[in-house]
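Step one of this worksheet: look at the structure below.
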Number of protein chains: 2
Amino acid sequence: MSRTVLTREQVLEAADDLVRQHGPDALTMRGLAARLGTAVTSIYWHVGNRESLLDALVERTVEEMGAIQPTGRTPATRIVSVARRLRGELHARPHLIAMVHERGLTERVFLPAQRALVREAHTAGLRGARAAEAVRAVQFQVVGFVLVECARGLAPAETPGRERPRKTASTRKDPALARALARPADPDRLFTASMRALVKSLLAQGGT
Amino acid sequence: MSRTVLTREQVLEAADDLVRQHGPDALTMRGLAARLGTAVTSIYWHVGNRESLLDALVERTVEEMGAIQPTGRTPATRIVSVARRLRGELHARPHLIAMVHERGLTERVFLPAQRALVREAHTAGLRGARAAEAVRAVQFQVVGFVLVECARGLAPAETPGRERPRKTASTRKDPALARALARPADPDRLFTASMRALVKSLLAQGGT
DNA sequence: ACCTGAACACCGTTCAAGT
DNA sequence: ACCTGAACACCGTTCAAGT
């Protein structure tokens, strides 16, 4: 695996693989060196240290995520389409986006999508601070949702019912509700539903 | 700091302090021992190992967060009030809630609040699966938002403008929008605004 | 310019031994 | 039942030394 000379790009590539498969904790300098068939210290020459290696990985990820084209006819559906695509992209790299996030670079990841969102908000009639707020609300909603999903996905598994949902006046009178809450949530449905709900309200403000 | 015999509760207390102040990474078994004035190995006797120590801390946090009383007249404002209080509580322990999250115990933290949310959704006329979806949408929105905020808060600082927001057709025609996007977001305002927007739509579905 | 091994200071954890 | 020191296997990082 190390026929030619070691290059910074090779180091980044191997590190990216490791993080994408087993998470940041699995990335150890020694393990990486072993994987590349070199001494640990060579890696330090190419990337500085572990922290700046992670920085470089994050930078890479940020650049990989390109612009996103909206689809649909109304501004509302177009915004929701951007949100869903964004979620898809983030979903493909759960560990990386967590790292992007820890480094406070979330805004950067969102810049390309932000332009599309701004355009849609504008054609929907939102202006000024109100438009900005709508755009940001959508951004926060998307990242927030994905973060929740990631944590859930990487966790061992939601211990279900250890402390089962209590029967309350409301759930006793509405067994369908009780059943729905007992089932684990369907993230896809939930995402689309709450995204639609949010966008609908945000754009409605523009009409008035 | 170690006049009497060492107790499990003391270990947890000291660990909690450490995590709350400097985050989970700052919690080292050796450092904790030093702080308590005992040998590292004593700690192992009381709490097993680092992982189960963190588990115990999380369990503690989950139990600390009690029920939340809604305030306000309409179901919408009452739900928003629950959301805001919840955010406040989570905000007070950013590191802990991240850990709760990593362990997939988010639902547990939300159980007390969930009861209140269910009741409000019900009085707003939502039933069955639709009510469950609304409740969950609110829950996800709150945790998601707080997670985004925490990451932002713990990060060194959002590097602003390194790649400044491009001028687009929309922003050129709407300088107020451009300015609003250039400023950092006000999390309090944004949270309340998007929460209100979401809840408004969700409850509107019940009316029809 | 690039790579190396040895060494340092730090981890979590185990274990046999003490009282 | 509770605490201890010694030891193990792992870290990230530095540094002087090689080519």
Regarding the side chain of Arg30(B), the nearest nucleotide among dG12(D), dA7(D), dC3(C) is dA7(D)
Taking dA1(D), dT4(D), dT13(C) as options, the one with an atom nearest any side-chain atom of Thr41(B) is dT4(D)
note: Leu53(B), atom CG; dG12(C), atom P; distance rounded to Å ~ 10 Å
(Q) When you measure from the side-chain N and O atoms of His46(B) to the phosphate of dA1(D), is any distance below 4.0 Å, counting only OP1 and OP2? (A) no
Asn49(A) CG to dC15(D) P, in whole Å, measures 13 Å
Mate of dG5(D) across any strand shown (Watson-Crick or G-U wobble, both atom pairs under 3.5 Å) is dC15(C)
Tightest non-hydrogen contact, residues Gly128(A) and Asp174(B), listed as N-OD2, 2.8 Å
Taking atom types as modelled, is there a side-chain donor on Asp55(A) or Ser52(A) under 3.5 Å from an acceptor on the other?
no
Verify the contact: side-chain N or O of Ser42(B) to OP1 or OP2 of dT4(D), cut-off strictly under 4.0 Å; return yes or no. yes
Taken to the nearest whole Å, CZ/Arg50(B) to C1'/dT14(C) is 18 Å
Ranking dC2(D), dG12(D), dT14(C) by distance to the side chain of Met29(A), first place goes to dG12(D)
Side-chain atoms of Tyr44(B) come closest, of dG12(D), dT14(C), dC2(D), to dT14(C)
Here the pair of heavy atoms bringing His95(A) nearest to Arg20(A) is CD2-O, 3.6 Å
- Query: For the base of dG12(C), is there a side-chain donor-acceptor partner from Thr28(B) under 3.5 Å away?
  - Reply: no
Leu32(B) CG to dC11(C) C1', in whole Å, measures 14 Å
| message | At 4.0 Å (heavy atoms only), tell me whether Leu27(A) reaches a base, stays on the sugar-phosphate, or touches nothing. | response | sugar-phosphate
When rounded to whole Å, the CZ to C1' distance for the pair Arg8(A) and dA1(C) reads 16 Å
Trp45(B) CH2 to dA16(C) P, in whole Å, measures 18 Å
Check whether any side-chain N or O of Arg136(A) sits under 3.5 Å from a backbone N or O of Leu181(B) as a donor-acceptor pair, and report yes or no. yes
Separation of dC2(D) atom C1' from Ile43(B) atom CD1, nearest Å, is 14 Å
A quick test of your reading: do over 12 heavy atoms of other residues, nucleotides or ligands sit less than 6.0 Å from CZ of Arg60(A)?
yes
